[in-house]
Amino acid sequence: QLSGDPLVILGTGLAGYSLAREFRKLDRNTPLLIITSDDGTFYSKPLLSASLSHGQTAQQLGTSSAEDMARELAAEILVHTRVTGVDPSTRTLALQQESADHSAEIHYDRLVLATGAHCRPLPRIEGDAHANLFRINSLRDYHRFRTALVGRKRVLVIGAGLIGCEFANDLVQADFSVDLVDTLNWPLASLLPEAAGRDLQGALESYGVRFHCDRSVQKLLCRRRGLLAQLDDGQTIEADIVLAALGLQANTALAKAAGLAVHHGITVDRQLKSSDPHIYALGDCAEVDGHLLFFVAPLMACARALAKTLSGQPTAVHYAAIPVAVKTTLRPTTVCPPHPGARGHWQIDCDATGVCAEFRSDTGQLLGFALTGAAITRREPLSRECEPIMR
Ligand code: FAD
């Protein structure tokens, strides 16, 4: 480190904080500045879709405050501070503090973007009930949703992907009445073959979740009590509150405005380096060697590799096969999806206890798998056999 300016990490999600932790294991001395537009509370984001039924408040999910984290990481943490611009030529950040009406500038030696992703916007839905529509991608969103649920009973979830199914599983166990609408033919259709998706659907239905697959919401209308959703086949659903879970999009605007290469995420190489030699990226905002994955395991692998690179040992990241445990506790499910475009076919083995689906190439190589129910015990051997995402 030559200039005396700090290493700056932008973002206090799992990516930013995990990198800071890994970096401090290797380097206790380099000045570290962490900046976040939220309050810097450390929490595990995957718990957001599995905590309503346990009565957990947002406060209970936050395990360390920004002050605790600053102490642990020997770092300065600026909270409620938005970075509004990056100038790579002068290595300067423009900052806007929530409470102040003026902006400030700081210099960085190296910058790491860990700015996460945002919820994919809803396709146009007519009607006047949009105030009852929630999305969840932060502790604050969870707090707003949980507060809005008080005194309400009927929840409409739009999107039966990973997060939508997990919330349906959680809400139904917290005694809410749940309708789940998706344009695709079965839940988690972009990750699971039909047999596994139908198995999960059947299990959640047996606990009371009502699925409306191959359907879309056309209108959301306020009613004297709650709201009315109108589907494309004319069917109507009465609800009190709507949760949209349509997936995520990487936050790339800041990087793009700074002139960095951006594709679906911020383009970085296997050393997590962007198109500027002093700027790196990891987590939900980063497309690593062509892979944009919104999961914890890859960001942890990136945090370990990048910490080494930043402390003087250039290190490339490797992704093994990444099996994800879907938190549908009413029907345990694990997915290790094949790379989009991978050539092969599903081999399905199913009975009443669950589904084991293996995606194999013509030469028999295991490229991905999906497991439900009792078959989840096969997770470890299949993970070992499965082709890594990045060697
Ligand atoms: P984020 O947590 O979004 O953090 C981004 C940070 O950047 C925030 O601190 C934000 O304030 C800051 N920021 C952004 N822009 C600026 C700016 N301009 N100025 C200042 N600060 C800025 N993954 C799994 O592997 N398993 C699961 O079971 C699982 N469950 C999930 C359940 C839910 C409900 C959700 C939403 C996600 C789940 N995921 C799961 C995905 C996983 O949680 C994410 O991949 C991971 O948490 C992303 O962390 P991140 O740090 O990259 O982003």
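Both counts, for ligands and for their atoms, begin at 1 and track the order of listing.
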Test item: side-chain donor near acceptor, Gln365 and Glu387, under 3.5 Å: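 Yes, because at least one side-chain N or O of Gln365 sits under 3.5 Å from a partner of the opposite role on Glu387.
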His118 versus Asn251, side-chain donor and acceptor atoms under 3.5 Å: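 On atom types as modelled, these side chains qualify, holding a pair under 3.5 Å.
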Nearest heavy-atom neighbours spanning Gly161 and Leu188: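 For Gly161 and Leu188, the tightest heavy-atom pair comes out as C-CG, 4.0 Å.
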Please report whether ligand 1 has a polar contact with [X], defined as an N or O pair separated by less than 3.5 Å (distance criterion only).
{"X": "Ala15", "result": "yes"}
{"X": "Ser37", "result": "yes"}
{"X": "Lys45", "result": "yes"}
{"X": "Asp284", "result": "yes"}
{"X": "Ile163", "result": "no"}
{"X": "Val83", "result": "yes"}
{"X": "Ala297", "result": "no"}

Proximity to ligand 1 by part of [X], non-hydrogen separation under 4.0 Å:
{"X": "Asp38", "value": "both"}
{"X": "Ala114", "value": "backbone"}
{"X": "Ile136", "value": "backbone"}

Nearest candidate to atom 41 (C) of ligand 1, where distance is taken over non-hydrogen atoms, out of Phe294, Tyr142, Phe167, Tyr17: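 The nearest heavy atom belongs to Phe294.
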Heavy atom of Thr81, distance to ligand 1 below 4.0 Å: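 It does; at least one heavy atom falls under 4.0 Å.
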Plane angle bin for Tyr17 and Phe42 - parallel if under 30°, tilted between 30 and 60°, otherwise perpendicular: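 The rings of Phe42 and Tyr17 sit tilted, inter-plane angle from 30° to 60°.
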Nonpolar side-chain network containing Leu371, other nodes, edges under 4.5 Å: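 Leu366, Phe369, Ile376, Leu382, which link up through side-chain heavy atoms under 4.5 Å apart, make up the rest of the cluster.
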Lys/Arg N to Asp/Glu carboxylate O, Arg21 vs Glu72, below 4.0 Å: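 So Arg21 pairs with Glu72 through a salt bridge.
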Check ion pair Asp109-Arg91 (N to O, under 4.0 angstrom):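 Yes, Asp109 and Arg91 are salt-bridged.
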Closest protein heavy atom (residue, atom, distance) for atom 31 (C) of ligand 1: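 So the nearest neighbour among protein heavy atoms is Pro46 CA, 3.6 Å.
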Numbering as shown, the atoms of ligand 1 that approach Leu10 to under 4.0 Å (heavy-atom distance):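 Result: 19 (N), 20 (C), 21 (N).
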Audit row: Lys327, Glu166, salt bridge (charged side-chain N to carboxylate O under 4.0 Å, His left out) steps and yes/no: CA-CA 6 Å; Lys327 298 182 294 297; Glu166 290 184 353; 2.8 Å; yes
side-chain contact (heavy atoms from CB on, under 4.5 Å) partners of Asp233, counting only residues at least two apart: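 Arg215, Leu231, Gln235.
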